[in-house]
Structures are given as C-alpha cells and as structure tokens.
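Okay, so here's the structure we're looking at.
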Amino acid sequence: ILTTHDGGENWQDDIIHDELDYHLNDITQSEDGYLYIAGEAGYGFMSADAGESWDVIELPYPGSMFGVLALSEEVVMFGLRGHVLVSQDQGQSWQNVPNSNLSSLFGGDQLNPSELILVGANGARVRYRDGQLTTLSGSSALEIGDDYGAVLVLDNGSKMLLLGEEGTDIQTLNTP
C-alpha cells in the first residue's frame, strides 16, 4: 500500500500485513471514518485510524473480493463467483447474501444511502438493498460486451453509466 502525509509530494511503500501479502483490490471509507479494503483469499482489512494501522478481516468466503462499498448502516464486499458479504458491525462479522447469479462482480456504486448497484461478468447487473440482491433486467439497444468492470450512478439514481470490454453504455434504472 502507498501512503502520503503531504498531499502526494512524497509516498511511502508499505505492506498492510507481513504474512497476508495478497492483492488489495478496492478501498472505501464509511461515514464513521473507518477504511475497508477488499482483498484475495478470503481476507480484507479495516482501519479505524485513517490507515495508520490495519486489522485483518477474515471473511466467511475464502475467495477474492474485488470491491467494497459503505452504506449508511453497513459495509458490502463483493467479488468472485457472485459472492456478496455484508457487515453491520464495522467489519467484526460478515454474512453471506444469497445470490442466484454466480457471475463475478467487479464494480459498484451507491444508488442512495441504503442501496447499491453491482456489475460484473456476463453482463451481471444487480441491486443490493436490505440484505437482498435483485437481478436487473432489460438493457438499452447497445450491448457493450460480456463483462462490466465499473458502474457510475447518474441523474439522482435514474440512470447508470456502464463501462465494459466494448466501451460505455448508459442504461435506465427502473425503480422496483
């Protein structure tokens, strides 16, 4: 991990944990100031002091998590084979969110303070809210490839910009 204390003039290269030297895939900050990192091999990391020190999070799934997002009351990690994990106690415990779509999830964005949009392989687009996932249906005329790597919510949650192998696409978000 790279850190700076002078606005980017100088950087320090360090590792978060001596023995768990896995890839670090995403980082987010929750409203309470905690930092969370999604990593590989069933591990994540959490910091309560702006990254000065890190606690290991041993996840209930031993695979890779590619993303992490914070909602007002919970933290959500997502990744390999459609696994989605949620914590409502600052990363102390994690629950698996049932998902019938086994496509890996690579990106996400916050739709509102209690809801996320997650995207990934094979055109996966799912909505997370209250411990449940809903697969989004329909699309615009332009299909941008098999895999979505990132999503950005637009127009106060009425649209989403998808980024994929073939480019970008804007799709309408229907309210369930």
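Throughout, numbering of the chain's residues begins at 1 and tracks the sequence. Hydrogens, waters and symmetry mates are skipped; everything else that's a heavy atom, side chains included, is used.
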With Q110, the side chain to side chain contact (heavy atoms under 4.5 Å, CB included) member among V153, T28, I117, L71 | L71

Any chance you could lay out the side chain to side chain contact (heavy atoms under 4.5 Å, CB included) test for T134 and V126, step after step, and finish with the verdict?
-> CA-CA 5 Å; T134 305; V126 296; over 6 Å; no

Can you find a pair of side-chain heavy atoms, one from T168 and one from L161, that are under 4.5 Å apart?
-> yes

Please name the pair of heavy atoms, one in K159 and one in I170, separated by the smallest distance, quoted to 0.1 Å.
-> CD-CG2, 4.0 Å

Answer whether the closest heavy-atom distance between the side chains of S47 and F45 falls below 4.5 Å.
-> no

Please tell me if the side chains of L35 and W54 come closer than 4.5 Å, counting only heavy atoms from C-beta onward.
-> yes

Applying ring-ring contact (aromatic ring centres under 6.0 Å, His included), name anything that partners Y128, two or more places apart in sequence or on another chain.
-> none

Do L173 and R127 have side chains that get closer than 4.5 Å, going by heavy atoms?
-> yes

For L105 against A124, the heavy-atom pair lying closest together = CD2-CB, 4.1 Å

Count the heavy atoms belonging to other residues, nucleotides or ligands that lie under 6.0 Å from CG of D6, then report whether that count exceeds 12.
-> yes

Minimum heavy-atom distance Y36-S30, with the two atoms named | CE1-OG, 3.7 Å

Show the numbers, then the answer: is there a side chain to side chain contact (heavy atoms under 4.5 Å, CB included) between Y43 and I57?
-> CA-CA 6 Å; Y43 291 100; I57 297 172; over 6 Å; no

Kindly give the heavy-atom pair with the smallest separation between L69 and D109, and that separation in Å.
-> CD1-N, 3.6 Å

Determine the interplanar angle of the F66 and F106 rings, folded into 0 to 90°, and report it as parallel if under 30°, tilted if 30 to 60°, perpendicular if over 60°.
-> tilted

Check W94 against P60 and note the closest heavy-atom contact, atom names and distance.
-> CB-CD, 3.6 Å

In sequence, state the C-alpha distance, the side-chain angles, and the governing distance for S114 and N112, and then conclude on side-chain hydrogen bond (donor to acceptor under 3.5 Å, both in side chains).
-> CA-CA 6 Å; S114 61; N112 57 52; 3.3 Å; yes

Taking all non-hydrogen atoms of both residues into account, name the closest pair between G108 and L118 and its distance.
-> CA-CD2, 4.0 Å

Judged by atom type as modelled, is there a donor-acceptor pair below 3.5 Å linking the side chain of S87 to the main-chain atoms of S93?
-> yes

So do the side chains of E40 and M65 get within less than 4.5 Å of each other, counting heavy atoms only?
-> no

Can you tell me if CD on E73 sees more than 12 non-hydrogen neighbours from other groups inside 6.0 Å?
-> no

